[in-house]
Student: 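Just dropping this structure here.
Naming: A, B, ... by sequence-line order, numbering from 1 per chain. The analysis underlying the following values was restricted to heavy atoms, covering all of them including side chains, and did not include hydrogens, waters or symmetry mates.
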Number of protein chains: 2
Amino acid sequence: MANRSDTKTRILDAAEKLFAERGFSETSLRLITSKAEVNLASVNYHFGSKKELIRAVLARYLDVFMPAAADAIVAVRSADANASLDDIFSTLVNPLLELNKLRAEGTTTFLQLLGRGYIESQGHLRWFITTHYGKYLSLFVKAVSESTPHIPPAEMFWRLHFTLGTVVFTMASADALTEIAEADFGEHNDIEAVIRKVIPYLSAGVSVPVNKDAN
Amino acid sequence: MANRSDTKTRILDAAEKLFAERGFSETSLRLITSKAEVNLASVNYHFGSKKELIRAVLARYLDVFMPAAADAIVAVRSADANASLDDIFSTLVNPLLELNKLRAEGTTTFLQLLGRGYIESQGHLRWFITTHYGKYLSLFVKAVSESTPHIPPAEMFWRLHFTLGTVVFTMASADALTEIAEADFGEHNDIEAVIRKVIPYLSAGVSVPVNKDAN
DNA sequence: GTTTAATTTAAACGAGTGTTTAAATTGAAT
DNA sequence: ATTCAATTTAAACACTCGTTTAAATTAAAC
């Protein structure tokens, strides 16, 4: 046993779990390698550095999710050229849930990693995502913008970042929130339930008419 | 010169700026004390520990903002018992902008600190805020809930956390976002403009009717 | 002016970090 | 069986971190 890819995978599996739970900078390589039951130095041997390990962890999900999500959006829009904003957002649900087939808790882990990434990273991760997956992001922005033509581009810029904040923050603390919700209201929510709760919230916010005479 | 409170204030001023910019764990005491031009050990002498310094930095804003915001909300609701959700959110704008009179860039700094706090803290800050300012938070939640009676409590729990995520994330990266917006769309936004952009977004999301037959 | 307390200072401590090194081990090809 | 490259291993390196210590300095009280 223990062929080449085994150690690499053990590291990735342990790292993604810990990164999602506690964030990147709060997770040491020693903690990762002890959970993975591999030697400390093997991280630098297989990945070169901690930064590259972080990128590899994210890439393993993004390489699956991004094309699937793009395909789904293209399909929906060619089936219905006037797909609503809610339709566009809802289209992302299936590609997200498909990640559970990739690995156990895949959807939650991916969303939490995404959240940690956007929250923590100053530069290297943002750069990595926009340069490697920029064309997908453009497609998403285009689909959203064209489904809500009454929102001017500058306003849409802000609203999409509001949306990113909502998703990222919610997912980074999703575990804690579902626990509180269960304790306080007795309703159990899995990750799909949370996603389906957030979509109407986002759709309403992004598409609300701009009040010209504000202030 | 350099009497007792001078050193303390120099530390707080330097710390809040750096904490807001780079986050708590990414800001070392050595960086703070060098910017403040005080000795490294004076942080532990005056504040006891880094954690207590973080709390002191936040308390300096919360002690001003929380009572002012609570008063404003009470005033609005007694003037108009049917104040809308938008009214409630808008009521917070003035207390926020008043922080600019406390210190230069006070509003931005406070909101960014709040964002960093909710993003980074695992326990001690959440505990500090809820135990010291819990009664104000309850008042806010009550005001929001009663302005949107068609949203059941469990759903409101989630939507308020979505809202928290939007605000916190937007503010933590507000500087970067205003720069991009200026470069890409040529429109300059100060902190007040961003606040006034986010309020309609939040109001629409929080108050959107619940779709019973979702899924 | 002397005493006493408060504050500032330089230095070190101990623990933790990512990374590198060089030797040991493994697996496959000859 | 031997060679050779790939991989794993234990150890050390160089650095940063928050915190503590004990001496030096400053300010206040008597």
Side-chain angles (χ1 to χ4, degrees), chain A residues 1-58 113 116-117 119-125 127-128, chain B residues 1-58 113 116-117 119-125 127-128:
Chain A
M1 318 280 115
N3 62 23
R4 167 198 340 215
S5 65
D6 191 43
T7 301
K8 239 176 145 171
T9 306
R10 295 177 68 86
I11 294 172
L12 286 170
D13 289 345
E16 75 168 38
K17 191 157 182 285
L18 292 166
F19 284 154
E21 280 172 3
R22 353 158 93 242
F24 300 113
S25 64
E26 305 296 321
T27 304
S28 70
L29 295 183
R30 281 170 178 81
L31 182 58
I32 293 170
T33 52
S34 76
K35 290 273 180 190
E37 296 180 280
V38 301
N39 186 273
L40 167 62
S42 58
V43 172
N44 286 281
Y45 177 77
H46 284 288
F47 297 95
S49 69
K50 186 180 180 180
K51 279 187 181 180
E52 289 175 80
L53 170 62
I54 294 173
R55 289 198 283 267
V57 164
L58 263 126
L113 287 171
R116 301 289 185 185
I119 283 169
E120 281 193 34
S121 94
Q122 350 274 35
H124 80 104
L125 255 185
W127 174 87
F128 170 73
Chain B
M1 325 305 102
N3 62 22
R4 165 199 341 213
S5 64
D6 190 44
T7 301
K8 240 177 146 169
T9 306
R10 295 176 67 86
I11 293 173
L12 286 170
D13 289 346
E16 76 169 37
K17 191 158 182 284
L18 292 166
F19 284 155
E21 281 171 2
R22 351 159 95 245
F24 300 113
S25 64
E26 305 296 321
T27 304
S28 70
L29 295 184
R30 282 170 178 82
L31 181 58
I32 293 171
T33 52
S34 74
K35 290 271 181 193
E37 297 180 280
V38 301
N39 186 274
L40 167 63
S42 58
V43 171
N44 285 280
Y45 177 77
H46 284 288
F47 297 95
S49 69
K50 185 180 180 181
K51 279 187 181 180
E52 288 174 81
L53 170 62
I54 294 173
R55 289 198 284 265
V57 164
L58 263 127
L113 287 171
R116 301 290 185 185
I119 284 170
E120 281 193 35
S121 95
Q122 351 275 34
H124 79 105
L125 257 186
W127 174 87
F128 171 73

Student: Could you check if a side-chain atom of Asn44(B) sits within less than 4.5 angstrom of a side-chain atom of Leu53(B), using non-hydrogen atoms only?
Tutor: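 Not touching, per the 4.5 Å side-chain cut-off.
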Student: If you compare every side-chain N and O of Thr7(A) against the phosphate oxygens of dT8(D) (OP1, OP2), does one of them come in below 4.0 Å?
Tutor: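 Answer yes for this pair, as a side-chain N or O of Thr7(A) is under 4.0 Å from OP1 or OP2.
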Student: Distance check needed: dT20(C) C1' versus Phe47(A) CZ, whole Å only.
Tutor: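 Taking atom C1' of dT20(C) as the reference, CZ of Phe47(A) is at 18 Å.
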Student: If you look at every heavy atom in Val38(B) and Ser42(B), which pair is closest and at what distance?
Tutor: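 Closest heavy-atom pair between Val38(B) and Ser42(B): CG2-OG, 3.5 Å.
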Student: Is Arg116(B) reaching over with its side chain to a backbone N or O of Glu21(B), donor-acceptor style, under 3.5 angstrom?
Tutor: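 The answer is yes, because a donor-acceptor pair under 3.5 Å joins these two groups.
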Student: Looking at CD1 of Ile11(A) and CD1 of Ile32(A), how far apart are the two atoms once the value is rounded to the nearest 0.5 Å?
Tutor: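 Interatomic distance, Ile11(A) CD1 to Ile32(A) CD1, rounded to 0.5 Å: 8.5 Å.
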Student: Would you kindly give the CG-to-C1' distance between Asn39(A) and dA24(C), to the nearest whole Å?
Tutor: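 Taking atom C1' of dA24(C) as the reference, CG of Asn39(A) is at 12 Å.
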Student: Filter on salt bridge (Lys or Arg N to Asp or Glu O under 4.0 Å), then keep only pairs touching residues 40-50 of chain B, sequence neighbours left out; what's left?
Tutor: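 Qualifying pairs: none.
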Student: At what angle, to 10 degrees, do the two end axes of the helix from dG1(C)-dC30(D) to dC13(C)-dG18(D) meet, given five pairs define each axis?
Tutor: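 Between the axes fitted at each end of the helix from dG1(C)-dC30(D) to dC13(C)-dG18(D) lies an angle of 20°.
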Student: Is Leu125(A) close to Phe24(A) at the side-chain level, that is, under 4.5 Å between some pair of heavy atoms?
Tutor: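 When only atoms from C-beta onward are counted, Leu125(A) and Phe24(A) do touch, with a gap below 4.5 Å.
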Student: Please check the phosphate of dT7(D) (OP1 and OP2 only) for any side-chain N or O of Ser42(A) closer than 4.0 Å.
Tutor: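 For Ser42(A), the contact criterion (side-chain N or O under 4.0 Å from OP1 or OP2 of dT7(D)) is not met.
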Student: Return the CZ to CH2 distance between Arg55(B) and Trp127(B), rounded to the nearest 0.5 Å.
Tutor: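 Nearest 0.5 Å value for the CZ-CH2 distance: 6.5 Å.
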Student: Do Lys17(A) and Asp13(A) come within less than 4.5 Å of each other through their side chains, counting heavy atoms only?
Tutor: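 Answer no - side chains too far apart.
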Student: Take the protein atom NZ of Lys51(B) and the nucleotide atom C1' of dC17(D), then report the distance between them rounded to whole Å.
Tutor: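 Interatomic distance, NZ of Lys51(B) to C1' of dC17(D): 14 Å.
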Student: Take the protein atom CZ of Arg10(A) and the nucleotide atom P of dT8(D), then report the distance between them rounded to whole Å.
Tutor: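 Interatomic distance, CZ of Arg10(A) to P of dT8(D): 11 Å.
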Student: Would you call Val57(A) and Ile54(A) a side-chain contact if the rule is heavy atoms closer than 4.5 Å?
Tutor: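 A side-chain contact under 4.5 Å is absent here.
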Student: Whole Å only: how far is the NE2 atom of His46(B) from the P atom of dT7(C)?
Tutor: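 That distance rounds to 6 Å.
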Student: Without decimals, in angstroms, what is the distance between Asp6(B) CG and dT26(D) C1'?
Tutor: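 The distance from CG of Asp6(B) to C1' of dT26(D) comes to 14 Å, rounded to the nearest Å.
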Student: I'd like a table of atom pairs between the protein and nucleotides 13-18 of chain C - only N or O on both sides, under 3.5 Å - with the distance next to each one.
Tutor:
from	atom 1	to	atom 2	distance (Å)
dT17(C)	OP1	Ser28(A)	OG	3.3
dG18(C)	OP1	Leu29(A)	N	3.4
dG18(C)	OP1	Lys50(A)	NZ	2.9
dG18(C)	OP2	Leu29(A)	N	3.0
dG18(C)	N7	Arg30(A)	NH1	2.8
dG18(C)	O6	Arg30(A)	NH2	2.9

Student: By nearest atom, which of the nucleotides dT8(C), dA6(D), dT20(D) is closest to the Ala41(B) side chain?
Tutor: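 Among the listed nucleotides, the one closest to the side chain of Ala41(B) is dT20(D).
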Student: Starting at OH of Tyr45(B) and ending at P of dA22(D), how long is that distance when rounded to a whole Å?
Tutor: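 Interatomic distance, OH of Tyr45(B) to P of dA22(D): 17 Å.
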Student: Within this structure, what is the CD1-to-P distance between Ile32(B) and dG18(D), rounded to whole angstrom?
Tutor: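 For the pair Ile32(B) CD1 and dG18(D) P, the rounded distance is 8 Å.
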